[in-house]
S.K.: 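Here it is, the structure, as structure tokens.
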Amino acid sequence: MKKLRGNNAAGLADQLVSAGANAATGLLVLPFLAPAEAGAVLFAIGVGYFAIGIARALVGDVLLTYSARYGDAERARQAADATKTAGALGLLAALIAVVAWATGPDFLSELVWLAPFLPFVLVHDAGRYVFLAARRPQRALLSDLTYIAVQGIVLTGLLVAGYRDGAVFLCAWGIGGIAGALSFLIRARINVFDLRRGDLRGWVKETRHLSGWLTLTALLGQAQVQFVYTLVTGLLTPTALSMLRAAQYGLLMPAQNLQMAVSSLLVPRMSRLAGAGDAAGLSRLLRRALTATALCGLVPVALSPLAGPVLDAILPKYAQAATIALPVALQAAIYLVQVPFTAALRGMQRVRSLFVQYVVFVAAQVTCLIAGTLAFELRGAAWGMMAGSAVGLVAMVVLYRRAHSRLEPTDPAEPEPETPPQPETPPTVADENAGPTPVR
């Protein structure tokens, strides 16, 4: 029990650190760059989060759902396979980013500073999930603290030296990723140059019953994010998008990072309970988690009235974002309430149901967003996104109840019967965000 409490504390600390760092990466851009200049940097950061999200669907989320049911020796083999897969995806993402920078329009100009670091960032993220699947959150916390400390030191040094362009923020983020990746590889004793260890093809083949649907869900999520941003910019203005992003960075993104973090703690436990057919235990864990996440969801709602005074004091250029603080905060609360249900479906390996839920969510949110934007401009867009999220929550609860009623003991060596479509090539990189649940 004492060890369990220690793991929970370390896991929660790791998630809070990760959530704060991910939010700060974008927020720190705002005080130093004007809204027009910040756009390209925020887009590049979004590309990085997109790459992380896709890699997490193929590696991190699969580790939590699949590897949690195995012993240490088998998990070590799976960790080497997963690390090699994450590195390969990082190299592919880097190549795509360079091509986009060389041939694309001006708003892709900052991608050249992101590309060299993508393999390291993806390996670091895979390492976090290797440790979490092995129920060693203390090691994940150490990797994250290493990442953040190096990023902070590099960023501070560059800003003090007088550098104020977008490359500063992207290089600091990337160098932190190198430090985090090395921290994982050294402590996990994984040699990425040893071609005998790690089987990319084997990992994809072994986990395709999960990764196919998870990848489709991640791709749909990123397509939805891009559509939302394009729609807001097209129907309103680029400045309106900056205001929406400012509100999301302050209220929604921390909740989303906490959402992914709490899910990473819940999924391995729910996977083991589901594998044993313990429906009652799964229900008890869900109820306890739901109480905690619902209380956390009250925090952004309680903080939303402070958005106006805070922005007036420190970021007056973004003061208009305060007008949409409440709907963005409510959307954050909805996402946090949804966490235990999502984790339960992942634990039961009902990944097709997750894809169905996301289809419902995207359809509802896009419809509500268009209607709200046309009627009430930026405020209507924010309230429309919140309404679509509420519909997605209802769909998630319905799908969870259906899956829970059919829960039976399973052999961890055997995949669930559903066989999703499997992409023949790794996905491409576009825009964000993550983690492991993208910004909706």
Side-chain angles (χ1 to χ4, degrees), residues 3-4 6-15 17-18 52-53 55-87 89 122-144 180-181 183-185 187-190 197-200 202-204 206-211 214-215 218 259-276 282 285 289 339 342-351 354 410 412-413 415-416 434-437:
K3 181 179 179 181
L4 179 60
N7 282 344
N8 286 340
L12 181 59
D14 175 62
Q15 312 320 330
V17 167
S18 179
I52 291 172
R56 193 171 288 169
L58 287 165
V59 178
D61 288 336
V62 175
L63 280 166
L64 289 181
T65 302
Y66 185 69
S67 297
R69 300 185 182 185
Y70 289 88
D72 291 343
E74 183 64 13
R75 278 202 304 269
R77 193 268 305 169
Q78 292 171 355
D81 294 350
T83 301
K84 180 168 285 189
T85 303
L89 289 172
L122 266 58
V123 167
H124 162 76
D125 191 70
R128 289 187 67 246
Y129 282 84
V130 166
F131 291 141
L132 291 171
R135 301 186 295 281
R136 293 178 176 176
Q138 299 92 338
R139 294 192 171 192
L141 175 60
L142 182 57
S143 287
D144 279 341
S183 173
F184 154 63
L185 293 171
R187 286 179 298 117
R189 299 180 180 179
I190 295 177
R197 292 196 64 188
D199 183 358
L200 189 156
W203 175 258
V204 173
E206 181 180 358
T207 63
R208 64 172 179 261
H209 65 287
L210 296 173
S211 60
L214 290 173
T215 301
Q259 173 190 5
M260 291 185 291
V262 172
S263 180
S264 70
L265 292 178
L266 290 175
V267 171
R269 299 179 190 179
M270 290 184 166
S271 179
R272 290 190 294 275
L273 290 169
L282 192 69
L285 180 56
V339 171
T342 307
L345 281 175
R346 287 184 184 274
M348 290 185 282
Q349 298 191 4
R350 301 297 179 181
V351 288
L354 290 172
T410 59
E416 64 177 350
T437 311

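Worth saying up front: this structure is predicted, and the values here are computed from it rather than measured. Just so it is clear, the values below take in all heavy atoms, side chains as well, and ignore hydrogens, waters and symmetry mates.
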S.K.: Would you compute the distance between atom CZ of R187 and atom CG of L142 and round it to the nearest 0.5 angstrom?
M.R.: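 The CG atom of L142 is 4.0 Å from CZ of R187, to the nearest 0.5 Å.
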
S.K.: Sequence neighbours left out, what passes side-chain contact (heavy atoms from CB on, under 4.5 Å) with L285? Give chain and number order.
M.R.: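 Residues passing side-chain contact (heavy atoms from CB on, under 4.5 Å) with L285: L266, R269, M270, L273, R288.
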
S.K.: Sequence neighbours excluded, which residues qualify as side-chain contact (heavy atoms from CB on, under 4.5 Å) partners of L141?
M.R.: A13, D14, V17, L145

S.K.: Do you know which two heavy atoms are closest between A218 and G53, and how far apart they sit?
M.R.: CB-O, 4.2 Å

S.K.: List for me each residue that meets side-chain hydrogen bond (donor to acceptor under 3.5 Å, both in side chains) alongside S263, sequence neighbours excluded, and say none if there are none.
M.R.: none

S.K.: So how far is it from T83 OG1 to I190 CD1, rounded to the nearest 0.5 Å?
M.R.: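 Between T83 OG1 and I190 CD1, I get 3.5 Å after rounding to 0.5 Å.
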
S.K.: If you measure from CE on M348 to CG on L354, what distance do you get to the nearest 0.5 Å?
M.R.: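 If I round to the nearest 0.5 Å, the distance is 9.0 Å.
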
S.K.: List the atom of A133, the atom of L63, and the distance in Å for their closest heavy-atom pair.
M.R.: CB-O, 3.5 Å

S.K.: Do you know which two heavy atoms are closest between L132 and P268, and how far apart they sit?
M.R.: O-CG, 4.1 Å

S.K.: Kindly give the heavy-atom pair with the smallest separation between D61 and Y129, and that separation in Å.
M.R.: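 In terms of heavy atoms, the two residues are closest at OD1-CE2, 4.2 Å.
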
S.K.: Ignoring hydrogens, what is the shortest heavy-atom contact between V62 and A57? Give both atom names and the distance.
M.R.: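 Here V62 and A57 meet closest at CG2-O, 3.3 Å.
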
S.K.: So how far is it from S143 OG to H124 NE2, rounded to the nearest 0.5 Å?
M.R.: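 Atom-to-atom, S143:OG and H124:NE2 are 6.0 Å apart.
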
